[in-house]
Amino acid sequence: MTEAADRFYMEVALALAREGLGRTSPNPAVGCVVVRDGRIVGRGFHPRAGEPHAEVFALEQAGPAARGAHLYVTLEPCSHHGRTPPCADRIIEAGVRRVVAAMADPNPAVAGRGLARLRRAGVEVRVGVAETEARRLNEAFCLSVVRRRAFVHLKLAATLDGKTATASGDSRWITSAQSRERVHRLRDRCGVVLVGVGTAEADNPRLSVRLPGRPERRCLRVVLDPRARIPMGLSMLEPAEAPSTLVVCGPRAEPSRRRALEARGARVLEVREEAGGLDLGGLLTRLYDMGHMEVLVEGGAETARRFLDAGLVDRLHLFYAPKLLGGRDAVPMVGGPSPDRIAQARQVTELELERVGPDLYVTGRIRPEDGKSCERSREPAGRKLEAIHPATK
């Protein structure tokens, strides 16, 4: 296969992988195609945790045509027994001649073992085609599987001068309907939405996914509430909604308040307190242990500050409306004191800019990627391809 052909078929696999976004946690979103004599004979993607992986669906569709074929997959085939058997073994048994993987698997349980098993069986292996796109697609998995905590998306909506509400607290609606729909798509991807108790009390939000042409989907609502003081009359604590609500409190919360919340059907999770509030890092670890890979933080300025100060924001999502509020009393995007020097400002990297209706949507990383989770493959990949970051769908 030529470089251009490898790139083309990997882009098809990436498009398939996106079909599973928001449904595979804590697994990655993976797509796969099987190609024989220049024709795609099998396609597949991983639909959700516990179900077959993308390679299995693609090989089943290909059938006997998989023998001698090329297989393109967005992540290294697994080599270990989890909920499903190893995909590397299935590929070998199918008689695939060549495997092209976009990236090696950062999961310590795999970490190149799948590629090594394929090579030992005589399968030709290439790694690194469209690697930048594959890592962007699965950035949450790359971080969470190594650090054992949920990946944090912080979403903020503001005027062009960085205000999220008027002095009276009015914030509806700063941004457009198109931006709000994009936020619902972010909720749909993450499956977990987090706010502080102040936002819950002031806005009484539903924090569900409401998209055109689809039934409403409940997310796991996480409310930071150190003293478990959340009002019982909120919509998220109604009988049908409470089981999807997780109230996170500290050890000093009144036992009677905790019991009342549990009687409503809500879940209550205690985490330790530290200077400034609840232990957010410990919370993210607990959420990951519960099977949640991504969290969308939609709280107010103070909640945003706490996550930023803790170094726990992994991707920033800013929606700017073409409006100006001005004034010293309007609510800023991020609370807390300002640094004394510009050099102390938080640096946003890997910026992507997009128009969403009349608004500007800016996304980027708060800190550079580090650790094993984000190392590029050391496999020979030929010419490095230019970064093309797909827009969030």
Side-chain angles (χ1 to χ4, degrees), residues 1-21 24 27-48 51-79 84-105 110 112-138 141 376-390 393:
M1 287 283 185
T2 64
E3 180 85 24
D6 280 352
R7 176 76 188 207
F8 172 81
Y9 292 122
M10 189 60 74
E11 287 177 348
V12 175
L14 285 164
L16 286 165
R18 293 186 189 102
E19 295 293 319
L21 275 176
T24 64
N27 292 348
V30 181
C32 179
V33 294
V34 180
V35 179
R36 178 73 181 271
D37 299 327
R39 183 171 64 90
I40 295 177
V41 294
R43 303 170 187 253
F45 68 92
H46 182 43
R48 65 188 72 247
E51 295 193 17
H53 292 180
E55 299 95 319
V56 174
F57 285 111
L59 289 169
E60 285 181 350
Q61 189 177 98
R67 187 160 297 278
H70 296 235
L71 182 144
Y72 293 82
V73 64
T74 57
L75 186 70
E76 172 186 356
C78 64
S79 59
T84 57
C87 289
D89 291 353
R90 184 68 180 267
I91 292 169
I92 293 166
E93 291 166 4
V96 170
R97 181 173 72 83
R98 179 173 181 256
V99 169
V100 180
M103 59 179 285
D105 194 333
V110 183
R113 295 181 182 88
L115 302 173
R117 183 176 296 191
L118 291 171
R119 289 190 175 103
R120 286 196 300 270
V123 178
E124 181 186 344
V125 173
R126 184 187 182 197
V127 183
V129 175
E131 182 175 1
T132 297
E133 294 89 327
R135 289 188 178 278
R136 175 69 168 85
L137 177 73
N138 275 313
F141 172 76
R376 297 184 66 83
S377 297
R378 294 188 177 91
E379 298 286 336
R383 180 176 61 86
K384 287 296 181 187
L385 300 169
E386 293 298 318
I388 303 174
H389 293 307
K393 292 195 173 183

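This structure is a prediction, so every number in the text was calculated from the model and none was measured.
To the nearest 0.5 Å, atoms CG (L75) and CD (E131) are separated by 10.5 Å. To the nearest 0.5 Å, atoms CG (D6) and CD (E11) are separated by 11.5 Å. Between the CG atom in N138 and the OG1 atom in T24 there is a gap of 7.0 Å [rounded to 0.5 Å]. In this structure, C87 SG and D105 CG are separated by 10.5 Å, a value rounded to the nearest 0.5 Å. With rounding to the nearest 0.5 angstrom, the CZ atom of R120 is 10.5 Å from the CG atom of L115. Separating the CZ atom in F45 from the CG atom in L21 is a distance of 10.5 Å, to the nearest 0.5 Å.
Residues Y72 and V129 fail the side-chain proximity criterion, which asks for heavy atoms closer than 4.5 Å. Inter-residue side-chain proximity for M10 and V100 is flagged as met; some heavy-atom pair is nearer than 4.5 Å. In this structure, L16 and C32 have side chains that are not in contact, with every pair of non-hydrogen atoms separated by 4.5 Å or more. Residues V96 and L59 have side chains in contact (heavy-atom distance under 4.5 Å, counting atoms from C-beta outward).
Considering every non-hydrogen atom in both P86 and S79, the closest pair reads CB-C, 3.7 Å. The shortest non-hydrogen separation linking A69 to V34 is CB-CG1, 3.7 Å. Of all the heavy atoms in F141 and N27, the pair that sits closest is CD1-C, 4.1 Å. Considering every non-hydrogen atom in both A88 and P77, the closest pair reads N-CB, 4.1 Å. When all heavy atoms of A102 and A134 are compared, the closest pair comes out as CB-CB, 3.5 Å. The two atoms that bring T74 and M103 nearest to each other are O-CG, 3.5 Å, heavy atoms only.
The salt bridge (Lys or Arg N to Asp or Glu O under 4.0 Å) analysis of residues 62-73, with sequence neighbours excluded, yields no pairs. Sequence neighbours left out, the pairs with a member in residues 39-48 that pass salt bridge (Lys or Arg N to Asp or Glu O under 4.0 Å) are R48-E51.
Between R90 and E60 there is a salt bridge, since a side-chain N of the basic residue sits under 4.0 Å from a carboxylate O of the acidic one. For D89 and R117, the salt-bridge test passes: some basic side-chain N is under 4.0 Å from an acidic carboxylate O. A salt bridge is absent between E3 and R7; no separation between the charged side-chain nitrogens and carboxylate oxygens falls under 4.0 Å.
A donor-acceptor pair under 3.5 Å links the side-chain atoms of R113 to the main chain of V110, judged by distance alone. Panel note: side chain Q61, backbone G44; no donor-acceptor pair is recorded below 3.5 Å.
Below 30°, between 30° and 60°, or above 60°: for H53 and H46 the angle between ring planes is above 60°, a perpendicular geometry.
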